[in-house]
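The basis for the numbers below is simple: all heavy atoms, side chains too, and nothing from hydrogens, waters or symmetry mates.
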Amino acid sequence: MSAMARAATTSDAFNAIAEPQRRDILALLRAGERPVTDLAEHLGMSQPRASKHLRVLREVGLVRVREAGKQRLYRLDARGLRPVHEWLGGFEQFWNESFDRLDAYVRNLEQTQQEE
């Protein structure tokens, strides 16, 4: 069962970013390359825990790693987020329509208050 759960976690970007600490790692990597020790320190977690999260992110193509002397430097590869971005894009029309309705409601409310 645990092997199945692990496979599901690492199967795609959606599952990988469902974990909040992995989202935090991606946010830190937006600023540029960082070693695992730096990421672990910023996130208040052990280095082995940070390494496990980075392995998951690497397996789904969200993070790249390169050797620099004795350090391994991790960097964001946002191309791996494309499926997430495209999926969310499908909701853009819904959000735009919701905001349009909200704008209309606020304008109507303001007009009603001015008439009183």
Is it possible for you to say whether Trp87 and Phe94 belong to one hydrophobic cluster, with membership spreading through side-chain heavy-atom contacts below 4.5 Å?
-> yes
May I ask you to test the Tyr74-Asp38 pair for a side-chain heavy-atom distance under 4.5 Å?
-> no
Within 6.0 angstrom of Arg75 CZ, more than 12 heavy atoms from elsewhere = yes
Would you say the side-chain atoms of Arg64 pair up with the backbone N or O of Asp77, donor to acceptor, closer than 3.5 Å?
-> no
Euclidean distance, Asn96 CG relative to Phe91 CZ, rounded to 0.5 Å | 13.5 Å
Taking C-beta and beyond as the side chain, do Arg30 and Leu26 meet within less than 4.5 Å on heavy atoms?
-> no
Does the side chain of Gln114 come under 3.5 Å of the side chain of Glu110 through a donor N or O and an acceptor N or O?
-> no
Atom CD of Glu92: over 12 foreign heavy atoms under 6.0 Å = no
Interatomic spacing from CD in Gln113 to CG in Asn108 - rounded to 0.5 Å | 10.5 Å
pair Val56-Asn15: side-chain heavy atoms closer than 4.5 Å = no
Under 4.5 Å between any side-chain heavy atoms of Ile17 and Arg23, yes or no?
-> yes
Please round to the nearest 0.5 Å and tell me the distance separating atom CD of Gln71 and atom CZ of Arg66.
-> 9.5 Å
Is it the case that one hydrophobic cluster holds both Tyr105 and Trp95, taking links as side-chain heavy atoms less than 4.5 Å apart, direct or via other members?
-> no
In terms of heavy-atom contacts, Ala50 and Ala40 come closest through CB-CB, 3.9 Å
Quick one: pull up CG in Leu43 and NE2 in His53 and give me the separation to the nearest 0.5 Å.
-> 8.5 Å
Do Lys52 and Met45 touch side chain to side chain, with heavy atoms closer than 4.5 Å?
-> no
Would you mind reporting whether Leu54 and Val65 have side-chain heavy atoms less than 4.5 Å apart?
-> no
Would you confirm whether Arg58, through its side chain, and Val63, through its main-chain N or O, come within 3.5 Å as a donor-acceptor pair?
-> no
What distance do Gln93 atom CD and Ser98 atom OG have between them, rounded to the nearest 0.5 Å?
-> 10.5 Å
Taking all heavy atoms of Pro83 and all of Gly80, pick out the closest pair and write down the distance.
-> CD-O, 3.4 Å
Quick one: are Leu29 and Leu57 in side-chain contact, heavy atoms under 4.5 Å?
-> no
Can you tell me how far the CD atom of Glu33 sits from the CG atom of Leu39, to the nearest 0.5 Å?
-> 11.0 Å
Consider only side-chain heavy atoms of I, L, V, M, F, W and Y, link residues closer than 4.5 Å, and tell whether Leu62 and Leu73 are in one cluster.
-> no
